[in-house]
Participant: 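Below is a structure I'd like to ask you about.
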Amino acid sequence: MRATLLAVALACGGLTATAQSSQAAEAELLRNGGFESGLDGWRCPAGSAAPVSTPVHGGTAALKATPGGGHHAECAQTVSVRPDSAYTLSGWFQGSYVYLGARGTGTTDVSTWTPSASDWTRLSTTFTTGPDTTSVTVYTHGWYGTPAYHADDLSLTGPGGDPGDQQPPAVPEGLAAGSVTSSSVTLTWDAVPGATGYRLYRNGESARTTTGTSATVTGLTPETAHTFEVAATNAYGESARSAAVTVTTGSGGGGGGGELPEHALVGYLHASFANGSGYTRMADVPDSWDVINLAFGEPTTPTSGDIRFDLCPRSECPEVETEEEFAAAIKAKQAAGKKVLISIGGANGQVRLETPAARDAFVSSVGSIIDRYGLDGLDIDFEGHSLALDAGDTDFRNPTSPVIVHLISALETLTAEYGEDFVLTMAPETFFVQLGYQFYGSGQWGGQDPRAGAYLPVIHALRDDLTLLHVQNYNSGPIMGLDDRHHTMGSADFPIAMTDMLLTGFPVAGDQDAFFAPLRPDQVAVGLPASSHAGNGHIGPAEVTRTLDCLTRGTDCGSYQPHGTWPGMRGLMTWSINWDEFNGRDFSRTFDTYYGN
């Protein structure tokens, strides 16, 4: 790209100009606007943008960027400018719905676009900075789900900022590894003067960003060497990367919870209520079930944190056993190698830990239930409005909403108190997890449902202690998968696409720098309803088998192709044991047949 240099001279009857824009020569301010040096100077979503040699407008390279369903492939650069000064922004583009703009101008942010450019088309706009503006962000992007666009010879001309003020920070030093587990590494480094943030790289790829001088990278493969580097950032760019540190993670295994079968069947037992499926006594639960979740422990009020559990009243469940018989049957199941958990929440049990007092009551009351029956652990089945993100809570790795923060703290306390044999499972709805690929909380401009993706910070914080995540692939609206298509219930396609997201990972709200790392296969079970009475989205034995074939063997996947094959995926979860009994045990028999039990 050719730089544009314009000399500015004033000779107006001896008058002296006072505006800053008249005191400095106009200059080309964009770095690598022709992409001759790759993406140097530009911030683009990982994997969505790259330099290409054809087509080009000038020189030997241009940018090619491909939007997705969760992002519009924005490439941006922050540039030092002067206050109260005029600037011209321009560039050449090919593609449909291509945008060029500047934000942070201090006055009116500007943008221009073309709906369709089959050949190189020039876009141009101008702006004037505000009285306190010293930097602006220039960007180009396409639109969600549209084909790739091309950009070349981007230019920003006007008075340059002070050269000493527009340098990236120095390279960080002192990168070192701290705590290392089978799936996570904590790293620290020395602070860099002038840095406003840091970007951590794993094996050459951006892993996460932070404003502090430490970070924990999770979702790592056990017993594997991982190489880390860190770079410092500020408004003017990113430093070179630090010296690398290589760390080998520990041996794998479940996220706590003692030993589960290699492939496990998880079911919910209606122990505290009746809903038309019939009451099943604990002693009569078939041997097919490896994890039995007692449904449900519920709070005295939604915000009390005080969880109570009682057996179904005899007026609702005439066949209910006595408390002593129930406790004895639990011990018999455990002696046979089964895990029995208390499940908290459900559709009617709204739990909002808004205060430290509610958090502490939750820990105390849940612990009392576990101790009362000698249970193996805890299942979190928060639904409805139990979890929501407050305005401004935008980073799932560093949540600030009290109901999220207090739940994480409570679960960390319980897992620490009961030790490595404690079983921790979660059963969120797709709205709270996979919808986070598109939307997170109320969004950058507000207006979105604040519950969108609200389970992600809880799963992320507890992933090293998490035994099983079994998302409810039922009672769900359409959800966009990693193929950027919406998937609906009714066939194997839905649980295949939703489970692929958990095992592959995904950028939250389309932000490649906010990547929700994949869970280990042994931490994931596919949640499905046991019958058409149990929930919307029921699929029959053939489709359940096809789901397992696709995810564990890579066969019979249909139109959706997952990003891997996971023979070590833990198994299946269902709502519920009672509904499976009501339906002739179709669900449990399908599992037993598939895994040869």
Side-chain angles (χ1 to χ4, degrees), residues 70 197 208-212 214-216 218-219 298-299 301-307 344-347 349-366 378-416 424 426-466 469 471-472 502 506-511 513-517 519:
R208 63 164 299 178
T209 58
T210 181
T211 57
S214 66
T216 299
T218 59
E298 298 181 359
T301 67
T303 59
S304 70
D306 185 9
I307 306 299
I344 307 298
Q350 304 295 294
V351 183
R352 293 185 55 82
L353 305 183
E354 296 177 350
T355 64
R359 173 201 62 200
D360 294 344
F362 183 89
V363 171
S364 175
S365 58
V366 169
L378 169 66
D379 173 71
I380 298 297
D381 185 13
F382 284 15
E383 300 180 15
H385 291 272
S386 293
L387 294 182
L389 295 156
D390 293 348
D393 189 350
T394 59
D395 184 355
F396 75 92
R397 299 156 300 191
N398 299 287
T400 57
S401 304
V403 295
I404 305 290
V405 173
H406 293 324
L407 176 60
I408 291 170
S409 176
L411 297 180
E412 289 175 336
T413 299
L414 287 165
T415 55
L424 176 63
M426 299 181 191
E429 297 166 289
T430 56
F431 193 96
F432 294 88
V433 182
Q434 287 93 338
L435 186 64
Y437 177 50
Q438 278 189 283
F439 308 108
Y440 188 69
S442 56
Q444 184 177 357
W445 296 283
Q448 297 174 186
D449 192 317
R451 298 173 297 166
Y455 246 96
L456 293 175
V458 182
I459 299 167
H460 176 75
L462 275 299
R463 65 168 65 231
D464 287 342
D465 297 308
L466 183 64
L469 177 71
V471 173
Q472 301 177 33
L502 304 178
F506 55 88
V508 176
D511 184 356
D513 290 331
F515 192 82
F516 179 77
L519 294 169

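As the structure is a prediction and not an experimental result, all values here were calculated from the model.
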Participant: Got a second to check how far Leu389's CG is from Thr400's OG1, nearest 0.5 Å?
Facilitator: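 Answer rounded to 0.5 Å: 8.0 Å.
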
Participant: Can you name the closest pair of heavy atoms from Gly305 and Ser365 and give their distance?
Facilitator: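 Taking Gly305 first and Ser365 second, the nearest heavy atoms are O-OG, 3.4 Å.
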
Participant: Could you please spell out the steps behind the side chain to side chain contact (heavy atoms under 4.5 Å, CB included) verdict for Leu435 and Glu429?
Facilitator: CA-CA 9 Å; Leu435 186 64; Glu429 297 166 289; over 6 Å; no

Participant: Suppose the criterion is salt bridge (charged side-chain N to carboxylate O under 4.0 Å, His left out): which pairs have a residue in residues 442-462, not counting sequence neighbours?
Facilitator: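 Non-adjacent pairs meeting salt bridge (charged side-chain N to carboxylate O under 4.0 Å, His left out): Asp449-Arg451.
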
Participant: Measure the CG-CG distance between Leu424 and Leu469 for me, rounded to the nearest 0.5 Å.
Facilitator: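 The CG atom of Leu469 is 10.0 Å from CG of Leu424, to the nearest 0.5 Å.
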
Participant: Is a donor on one side and an acceptor on the other found under 3.5 Å between the side chain of Gln448 and the backbone of Gly441?
Facilitator: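 Yes; judged by distance alone, with no hydrogens or angles, the pair exists.
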
Participant: Under the rule for side-chain contact (heavy atoms from CB on, under 4.5 Å), what residues qualify as partners of Thr301, not counting sequence neighbours?
Facilitator: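 With neighbours one apart ignored, the set is Thr303, Ser304.
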
Participant: First locate atom CE of Met426, then atom CD1 of Ile344, and finally report the distance between them rounded to the nearest 0.5 Å.
Facilitator: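 CD1 of Ile344 is found 12.5 Å from CE of Met426.
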
Participant: Nearest 0.5 Å please: distance from the CD atom of Glu412 over to the CG atom of Leu462.
Facilitator: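 Going from the CD atom of Glu412 to the CG atom of Leu462 covers 6.0 Å.
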
Participant: Arg352: which residues meet the salt bridge (charged side-chain N to carboxylate O under 4.0 Å, His left out) condition with it, sequence neighbours left out?
Facilitator: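 With sequence neighbours excluded, Arg352 shows a salt bridge (charged side-chain N to carboxylate O under 4.0 Å, His left out) to Glu354, given in chain and number order.
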
Participant: May I ask you to decide if Ala358's main-chain N or O and Thr355's side chain share a donor-acceptor pair within less than 3.5 Å?
Facilitator: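 A pair under 3.5 Å: yes.
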
Participant: Taking Glu383 for its side chain and Gln350 for its backbone only, find out whether a donor-acceptor pair lies under 3.5 Å.
Facilitator: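 Answer holds: no.
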
Participant: Quick check against the 3.5 Å criterion: does Ser401 have a side-chain atom that pairs as donor or acceptor with the backbone of Asp390?
Facilitator: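 Indeed, once roles are kept as given, a pair shorter than 3.5 Å links the two residues.
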
Participant: Between Phe515 and Pro507, which heavy-atom pair has the shortest distance, and what is it?
Facilitator: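 Answer, listing the atom of Phe515 first, then Pro507: CD1-N, 3.6 Å.
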
Participant: For Asp513, enumerate each residue passing the salt bridge (charged side-chain N to carboxylate O under 4.0 Å, His left out) test, keeping only those at least two apart in sequence or located in another chain.
Facilitator: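 Scan of Asp513 (salt bridge (charged side-chain N to carboxylate O under 4.0 Å, His left out), adjacent residues dropped) gives Arg199.
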
Participant: With a 4.5 Å heavy-atom cut-off, do Phe516 and Arg463 have their side chains touching?
Facilitator: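 Yes, at least one pair of side-chain atoms sits under 4.5 Å.
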
Participant: Please give me the minimum heavy-atom distance between Val433 and Phe506, naming the atom from each residue.
Facilitator: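 Reported closest heavy-atom pair: O-CZ, 3.8 Å.
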
Participant: Evaluate the ring planes of Phe432 and Tyr455, with Trp represented by its six-membered ring, and classify them as parallel (under 30°), tilted (30 to 60°) or perpendicular (over 60°).
Facilitator: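 Judged by the thresholds at 30° and 60°, the geometry between Phe432 and Tyr455 is perpendicular.
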
Participant: What's the spacing between Ile404 CD1 and Leu456 CG if we round to 0.5 Å?
Facilitator: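 Ile404 atom CD1 to Leu456 atom CG measures 9.5 Å (nearest 0.5 Å).
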
Participant: Does Asp393 have any salt bridge (charged side-chain N to carboxylate O under 4.0 Å, His left out) partners at least two apart in sequence or in another chain, and if so, which?
Facilitator: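 Checked Asp393 against salt bridge (charged side-chain N to carboxylate O under 4.0 Å, His left out); zero matches.
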
Participant: Output yes when a side-chain donor or acceptor of Ser409 lies under 3.5 Å from a complementary backbone atom of Val405, and no otherwise.
Facilitator: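 Not at all, since once roles are kept as given, no pair shorter than 3.5 Å links the two residues.
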
Participant: Evaluate the criterion side chain to side chain contact (heavy atoms under 4.5 Å, CB included) for residue pair Asp395 and Val508; output intermediate values, then yes/no.
Facilitator: CA-CA 9 Å; Asp395 184 355; Val508 176; over 6 Å; no

Participant: Knowing that exactly one of Thr413, Asp306, Leu414 qualifies, which makes a side-chain contact (heavy atoms from CB on, under 4.5 Å) with Phe362?
Facilitator: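 Of all the options given, the one that passes is Leu414.
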
Participant: Go through the steps for Leu407 and Phe382 under the test side chain to side chain contact (heavy atoms under 4.5 Å, CB included), then give the verdict.
Facilitator: CA-CA 11 Å; Leu407 176 60; Phe382 284 15; 3.8 Å; yes

Participant: For Glu298 and Val351, run side chain to side chain contact (heavy atoms under 4.5 Å, CB included): C-alpha distance rounded to whole Å, both residues' side-chain angles, the deciding distance at 0.1 Å, then the answer.
Facilitator: CA-CA 8 Å; Glu298 298 181 359; Val351 183; over 6 Å; no

Participant: Using the test side-chain contact (heavy atoms from CB on, under 4.5 Å), find all partners of Ser364 that sit at least two apart in sequence or belong to another chain.
Facilitator: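 If we apply the side-chain contact (heavy atoms from CB on, under 4.5 Å) test to Ser364, skipping adjacent residues, there are no hits.
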
Participant: Is the closest side-chain heavy-atom distance between Gln472 and Pro428 below 4.5 Å?
Facilitator: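 Counting from C-beta outward, Gln472 and Pro428 never come under 4.5 Å.
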
